Amino acid sequence: MNKLNHEKNTKTASYEMGETVFVLLTCTEEDDPESFYYFKQFEKKEGVILEVIEHPRLQYRVKFGQAEAVLYHEELTNGKQRDVPLTGTNNQEGWEGDKVEWYTQKEVADLLGVSKATVYHYGKQKKIIKILDPHRLHKEARYQKAEVDRLVYEKQSFPTGMSPNDVAKKLGLSVQSIYKYIQDGSIKAEAVPYGDERITYVISETAYQEAEKSLKPSEIQRPKKYEYYDSKNDIVLYQRFHSSKIQEARVVRNEENVFGFYLPNIQKWLTYEEGMKNYTLRPSYSIHQPTLDYKGYVELQVPKNEVVFYPFLDYLYEIWGMENIRIREQNETVLLFVRAGERPLLSEVFGIADILPYLINGEMHHEEGTLILRSPYRKTSFELPIKLLESISDLAKQEGINVSKWVENKLSSNI
């Protein structure tokens, strides 16, 4: 907890009555939401000095159209650079900080483990009491200690465990997916009243381990749809988009595993909403085709830096459809599982010779403009005692694979 520390008042050249000025954004929303939101109301608007206030600190009453604001000297500009020292006063008139114990906005954020923006919203929601500062002597807001301490005590009584964000990172999923799985019961979580939302969730270690078995993709399993497909926005990994403003944009996921757009020309990542709203992006092709009869899969592993990478994926999405493809993203490559079948291949960008080097399982042929894919698997059947089959099924479930794959692994290790 801090004590007030006022600086001596110093003389400085001030703006004059009637002078035209503009607001300077001297902080970011994350650094100081309180001041940021105050500045934002008048950003880019022309203001006129109505009054110079030299006491208790050099400030101005400025008229912006129909609105007025009280701003410090260093929060204004007339288009010319001025190096002006911050000034203060020993006079505490109007300041209530000497009447109660308090924490600064940053101290509250650290104590509660939240952002400064969240602290600002707590004040708006009356969860904590903000101390008035009518002369804006201090840029950072202050909050009464008693209410903050109460919230800290409540937080300490919450269940312990991982947050949805922690679980998302460990499972390689988006936070939105984790909330979805919590809602449908796939992930067991305890709801607690906390944060900007009415509730948040805590996932115990036991609940996480259960979720990991069923949701975390295994390297020996074929990819699950959520690894490469965003059903909410109907987009798939590396799908091509474009607009009149942007020649090419690709669907990718950021570090939080959230789907969005990457603009190669300017090396920028956008959320899905930003891409659609600000750049009017639209898909370059449809990604849907009828599902082929199941005849197994052909596997390919294509390096991301190969010239054929994007053209081949565009071809698969447009001609075969995402219904017949499974994708797993790796560090330097992408693992592709394509349903066995036949589809036209009339591309002028690449030929079968360009993709054959990346075939790792199955057969690939090109005949009279048709790409033919054949799986290396052949369906077979054999009889087993029911008890043995049940045991194998249990063992396969423990490893997170199907019975056929379990049998294949055991036979491979003994042959």
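A quick note: this is a predicted structure, and the numbers were derived from the prediction, not measured. For the numbers below, each heavy atom of this structure counts, side chains included, while hydrogens, waters and symmetry mates do not.
Looking at Pro223 and Ile327, their side chains never come closer than 4.5 Å, going by heavy atoms from C-beta outward. In this structure, Glu342 and Glu367 have side chains that are not in contact, with every pair of non-hydrogen atoms separated by 4.5 Å or more. Put simply, the side chain of Leu345 does not reach to within 4.5 Å of the side chain of Ile319, judged on heavy atoms. Residues Val148 and Glu107 form no side-chain contact, since every pair of their non-hydrogen atoms from C-beta on lies 4.5 Å or further apart. Between Tyr294 and Arg339, some side-chain heavy-atom pair lies under the 4.5 Å cut-off. Within the 4.5 Å cutoff, no side-chain heavy atoms of Phe42 are placed close to those of Phe22. Between Val307 and Asp354 there is no side-chain heavy-atom pair separated by less than 4.5 Å. Contact check for Ile392 versus Lys410: no side-chain heavy atoms found under the 4.5 Å cut-off.
Closest heavy-atom contact between Val338 and Leu373: CG1-CD1, 3.5 Å. In this structure, Tyr143 and Gly123 approach most closely via the heavy-atom pair CE2-CA, 4.2 Å. Residues Lys130 and Ala141 approach most closely at CE-CB, 4.1 Å, considering heavy atoms. In this structure, Ser243 and Thr280 approach most closely via the heavy-atom pair CB-O, 3.3 Å. The minimum heavy-atom distance between Gly362 and Val298, with the atom names listed, is CA-CG2, 4.4 Å. Residues Pro376 and Asn361 approach most closely at CG-OD1, 3.2 Å, considering heavy atoms.
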Quiz item: What's the verdict on side chain to side chain contact (heavy atoms under 4.5 Å, CB included) for Val119 and Ile128, showing C-alpha distance, side-chain angles and the deciding distance?
Solution: CA-CA 8 Å; Val119 175; Ile128 53 179; 4.0 Å; yes
Practice problem: Take Glu147 and Arg150 through the salt bridge (Lys or Arg N to Asp or Glu O under 4.0 Å) test and state the conclusion after the steps. | Solution: CA-CA 5 Å; Glu147 295 301 313; Arg150 177 182 57 77; 3.2 Å; yes
Quiz prompt | Worked check of side chain to side chain contact (heavy atoms under 4.5 Å, CB included) between Gln144 and Ile131 | solution = CA-CA 7 Å; Gln144 289 189 16; Ile131 298 173; 4.0 Å; yes
Practice problem: Kindly determine whether Trp320 and Leu371 satisfy side chain to side chain contact (heavy atoms under 4.5 Å, CB included), including the steps that lead there. | Solution: CA-CA 10 Å; Trp320 292 74; Leu371 180 63; 4.1 Å; yes
Quiz item: Please walk me through it: do Leu313 and Leu336 pass side chain to side chain contact (heavy atoms under 4.5 Å, CB included)?
Solution: CA-CA 9 Å; Leu313 278 178; Leu336 298 171; 3.8 Å; yes
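Checked against a 6.0 Å centroid threshold, the rings of Phe241 and Tyr279 do not count as neighbours.
Tested against Phe350, the residues Phe312, Tyr310, Phe309 include a single ring pair (Phe, Tyr, Trp, His ring centres under 6.0 Å) partner, Phe312. Checked against Ser284 for a side chain to side chain donor-acceptor pair (under 3.5 Å), the options Glu248, Arg240, Glu318 give a single hit: Arg240.
In this model, a donor atom of one side chain and an acceptor atom of the other lie less than 3.5 Å apart for Asp149 and Tyr103. Residues Ser391 and Asp394 have side chains that never bring a donor and an acceptor to within less than 3.5 angstrom of each other. In summary, the side chains of Gln301 and Thr333 do present a donor paired with an acceptor at a separation below 3.5 Å, with no hydrogens or angles considered.
Counting non-hydrogen atoms of other residues, nucleotides and ligands closer than 6.0 Å to CD of Glu332 gives a total of 12 or fewer. Under a cut-off of 6.0 angstrom, the local environment of NZ in Lys63 is crowded, with over 12 non-hydrogen atoms contributed by other residues, nucleotides or ligands. For Glu16, the CD atom sits in a loose shell: 12 or fewer heavy atoms of surrounding residues, nucleotides or ligands are nearer than 6.0 Å. Counted within 6.0 Å of NZ on Lys304, heavy atoms from surrounding residues, nucleotides or ligands total more than 12; the atom is thus considered enclosed.
Leu281 CG to Lys245 NZ: the interatomic distance, rounded to the nearest 0.5 Å, is 9.5 Å. The distance from the CE atom of Met276 to the CG atom of Asn233 is 8.0 Å, given to the nearest 0.5 Å. For the atom pair Met322 CE and Tyr229 OH, the distance stands at 5.0 Å (nearest 0.5 Å). We find the CG-OH distance between Leu300 and Tyr358 to be 10.5 Å, quoted to the nearest 0.5 Å. Leu316 CG to Tyr238 OH: the interatomic distance, rounded to the nearest 0.5 Å, is 14.0 Å. Between Gln239 atom CD and Asp234 atom CG the span is 7.5 Å, to the nearest 0.5 Å.
Contact check on Lys224 versus Glu227 returns no salt bridge, with no Lys/Arg side-chain nitrogen under 4.0 Å from an Asp/Glu carboxylate oxygen. Electrostatic pairing of Asp184 and Lys180 does not count as a salt bridge here, judged by no charged N lying under 4.0 Å from a carboxylate O.
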Using atom types as modelled, flag every donor-acceptor pair under 3.5 Å from a side chain in residues 257-273 to any protein atom, sequence neighbours excluded.
from: Asn257; atom 1: ND2; to: Leu173; atom 2: O; distance (Å): 3.4
from: Thr271; atom 1: OG1; to: Glu274; atom 2: N; distance (Å): 3.1
from: Thr271; atom 1: OG1; to: Glu274; atom 2: OE1; distance (Å): 3.4

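One N or O on the side chain of Glu323 and one on the backbone of Gln289 form a donor-acceptor pair closer than 3.5 Å.
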